[in-house]
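These notes concern the structure reproduced below.
Everything numeric in this text was worked out from a predicted model, so none of it was measured.
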Amino acid sequence: MAESAVVVGVFEDVDQARHAYESLRAEGFGADYVGLANPQEMRRPQLDLNYLTEAGIPGEEARFYAQEFQAGRALVTVRVAGLPPASARKAVELLQGHGAYDAHSGRGGHGPYAPNIRTEQPSPFFDLTYPEDLAQSADERPASRPAEGADSSSQQP
């Protein structure tokens, strides 16, 4: 089984994906570590498979995520390579807590979630979030708070 530098959560409900993204940010995961890809709002209707694999997602998993995205499901990503293992586990727990599944667990949640993540090496920067995808009026979504005493844009949880 190939190792992954990225934890991915697939969401059938876009609002759940947004809540998961906001929860990760509120827990101190910086904007450079998390991403949200909403197929209903993105101006780029396809995910480039090479982009996903270069970001540290193994080929079979990348194909799964691209297919889920094409089917209209939102993705939340967290770069975990270079983070402490406890932070990677926290990301997995937050995603699962918001109803995410991944290439291993599947929609029914029968398999293990993110069994092959690696944290010991830095990963290349990538971002599936485009500013136009997150643009909403302030009254449509709750304001997020950065982690206490930290600059959440670059903090590693």
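Under a 4.0 Å N-O distance rule, the pair Glu93/Lys90 does not qualify as a salt bridge. Under 4.0 Å is where a charged nitrogen must lie from a carboxylate oxygen, and between Glu68 and Arg107 at least one such pair does.
Classified by interplanar angle (parallel below 30°, tilted 30° to 60°, perpendicular above 60°), the ring pair His98/His19 is parallel.
For the atom pair Phe69 CZ and Phe64 CZ, the distance stands at 14.0 Å (nearest 0.5 Å). Rounded to the nearest 0.5 Å, atoms CG (Leu52) and CD1 (Ile57) are 5.0 Å apart. Between the CG atom of Leu36 and the CZ atom of Phe11 there is a distance of 9.0 Å, given to the nearest 0.5 Å. Here Asp102 contributes atom CG and Leu75 contributes atom CG; the two are 11.0 Å apart, rounded to the nearest 0.5 Å.
Listed here is the closest heavy atom pair of Gln40 and Gly72: NE2-O, 4.2 Å. Tyr113 approaches Gly9 most closely through the heavy-atom pair OH-CA, 3.1 Å. Closest heavy-atom contact between Pro58 and Thr53: C-CG2, 4.4 Å. Heavy atoms only, all atoms of each residue included: Leu95 and Ala20 are closest at CD2-CB, 4.3 Å.
Of the possible donor and acceptor atoms, none in the side chain of Arg79 sits under 3.5 Å from a partner among the backbone N and O of Ala5. Of the possible polar contacts, one joining the Arg25 side chain to the Phe29 backbone as a donor-acceptor pair under 3.5 Å is found. At least one donor-acceptor pair under 3.5 Å links the side chain of Tyr65 to the backbone N or O of Ala103.
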Steps toward side chain to side chain contact (heavy atoms under 4.5 Å, CB included) verdict (Val76, Arg18)
CA-CA 8 Å; Val76 174; Arg18 280 198 181 111; over 6 Å; no

Using the rule given for side chain to side chain contact (heavy atoms under 4.5 Å, CB included), can you reason through Val7 versus Thr77, listing the C-alpha separation, both sets of side-chain angles and the distance that settles it, and then say yes or no?
CA-CA 6 Å; Val7 173; Thr77 58; over 6 Å; no

Let me see the working for Tyr33 and Val80 under side chain to side chain contact (heavy atoms under 4.5 Å, CB included), right down to the final yes or no.
CA-CA 8 Å; Tyr33 280 82; Val80 295; over 6 Å; no

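Side-chain contact between Gln96 and Tyr101 is absent, with no heavy-atom pair separated by less than 4.5 Å.
Asp13 pairs by the salt bridge (charged side-chain N to carboxylate O under 4.0 Å, His left out) definition with nothing, not counting sequence neighbours.
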